[in-house]
Amino acid sequence: KKRHLASLLGQTRRRREEGEMEYMAFSKAVLRWRLIGEGYSSQLSIDDQRYIFRLAFRMWSEVSPLEFVEDSHSPLEDIDIRLGFGTGRHLGCTQRFDGAGREFAHAWFLGDIHFDDDEHFTAPNTGDGISLLKVAVHEIGHVLGLPHLYRAGSIMQPSYLPQESSFELDWQDRKAIQHLYGSCNGRFSAVFDWIRKERTPYGEMRVRFNTYFMRDGLYWLYENRQNRTRYGDPVAVEVGWHGIPANGVDAHVHVWTRGNDAIYFFKGSQFWKYDTENDQVFTEDEEGRRYPRPISEGFPGVPGPIDTAFYDRRDSQIYFFRGPSVYAFDVKANRLAKGYPKKITQVFPAVLPGDHPVANLDVAYFSYTHNAIFLLKDTSYWRVVSSRDRRRRPFLPYNGLLPHREVDEQWFDICNVHSTALRV
Amino acid sequence: EKLFHYRDRSDVVIPPSHQAELITDTDTAEDFLSKYGFITPVNWEDAQWDEEKLSEDFSSGDTMSLIQEGDSLSWSGNTKDPSENAQLITALKEFQRMIGLPVTGLFDDATKAAMNKPRCGVPDKEADSKTTAEHNTTTTGGEGSQLGNSTETDQEQVKDPEQKTAETRLVHTRSERLSR
């Protein structure tokens, strides 16, 4: 019996033999979980319990390539992680619970998580009792292969710490789980800094911005200072950006000059103008033009659809990318700049021969944080030579592309969650 | 029974049989240290498999601590010969070191209180304890380097309308959003 179950386990898990670290890790990206029917808690409503577990699984999904889906229908052997409550001797488990106090839960490598229903488990933010969310995140960490970590601030500490106002998986917990499952990477459809101007109570005009990453119908706010996405992201595009296509956009362009401040989103052969003040797309702008409009109408000479685009404040031109070509559009003259379209390899030459995205870019992004232009394709990015680079190394070509690096080495933990967990 | 209980059950008196046995002396402390692998690392994976053997032992109502050596089981019992004392002191020191208490090897009040805290039932030291220890040392290394330099225009710390709006929006769907 022991060997048989072990062989079953072998099918869904593999042991990572890396150096001295031997941990079990799932070898599938989408894991199914279920709160076992005979294992409901007697203290919280079933909906509360299921909601808390959905949130707990989502928190791990936000920092790892894993996705979790609740599955109440498949045969039990297809369920990767089973959760249940019990007291004393419970759910056929060999480890008896000790009653109220001390041991409140445990987890097994086969993916079983048991909670001692003699404990006073509470929903998040209820102050007293033991936060079921916090315990669930801890036990799921075990099932995913993490041991106890005695580091202050780690969710994998064995002893329960009364819940601070909120808890999140900190940097090192993220690295620990990513050590087992790898970091999150994937292609983005748009990356941009959204700029707003506000007046301080003293009447000063202040410019603020946030960085956003979009992938299909999801978006993340990236907190540059914290090197991570905002807690609780991703969010559905339709929730945060009203009026643009729910499955995402090809490009975001912010034309920002002394006399012009306009934000455009591009998708397919159309584009939208975004109303920053009201946080939604214009249906009709000041000149009475209705949106969405064909790209060829608003930017004559630029074919749709495009791969990506960005506005270059150095020469006040929008660079549209499509296939191997780049179209520089003179905003003031409202026409293509002379000599365009050109090859991307010609306008943005490789500094290191052969190290160039050549065609079909995903993103062209000017970052205010780095004061640099990045071209992204697949999971790599190329930074464009800046004026500061050329002051130090004059031999570098204008708009040259520096050797590529991986996106997830610069922007961390931009992870998908399962579509069923999006609304948690 | 009372006709009404407080919904948060704070008025329900838990019968003593459902109260976890507190750790009050060195015997119960030794049970604790043995259960969580401080005396001998626990082969937690296999604990789940040896169901028949363990359930028999448990059904005897015996609360003695179990130490598994491979597939055979042996009992630590209550005999106190000096080597066991040394083992207990070593285990106590290891426990105190792990949770950041003064490493004295004495079963003092702070150690007792720490042992009685609510905690996870997974052992702290599993069979391959060497890696666990090393893992811990690796994970307690310094913080990740803060990448990305901030500029005057990067005012993210100040709540931006979008974030607030987004959170407000999401408050309707996920009330903890703000706390999260």
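In what follows, every chain begins at residue 1, and chains take the letters A, B, ... in the order their sequences are listed.
- In this model, no donor atom of one side chain and acceptor atom of the other lie less than 3.5 Å apart for A:Asp98 and B:Gln19.
- With chain B as partner, the option from A:Ala105, A:Ala152, A:Gly101 having the largest number of non-hydrogen pairs under 4.5 angstrom is A:Ala105.
- There is a side-chain donor-acceptor pair under 3.5 Å between B:Thr111 and B:Gln96.
- When each of A:Trp241, A:Tyr219, A:Tyr222, A:Phe209 is paired with A:Trp194, the ring-ring contact (aromatic ring centres under 6.0 Å, His included) condition holds for A:Trp241 and for no other.
- Contact annotation for A:Gln157: neither backbone nor side-chain heavy atoms come within less than 4.5 Å of a heavy atom of chain B.
- In this structure, B:Arg97 fails the cation-pi test against A:Tyr150, since its NZ or CZ atom is not both closer than 6.0 Å to the six-membered ring centre and inside 45 degrees of the ring normal.
- In this structure, chain B has a heavy atom under 4.5 Å from the side chain of A:Thr87, while its backbone stays farther away.
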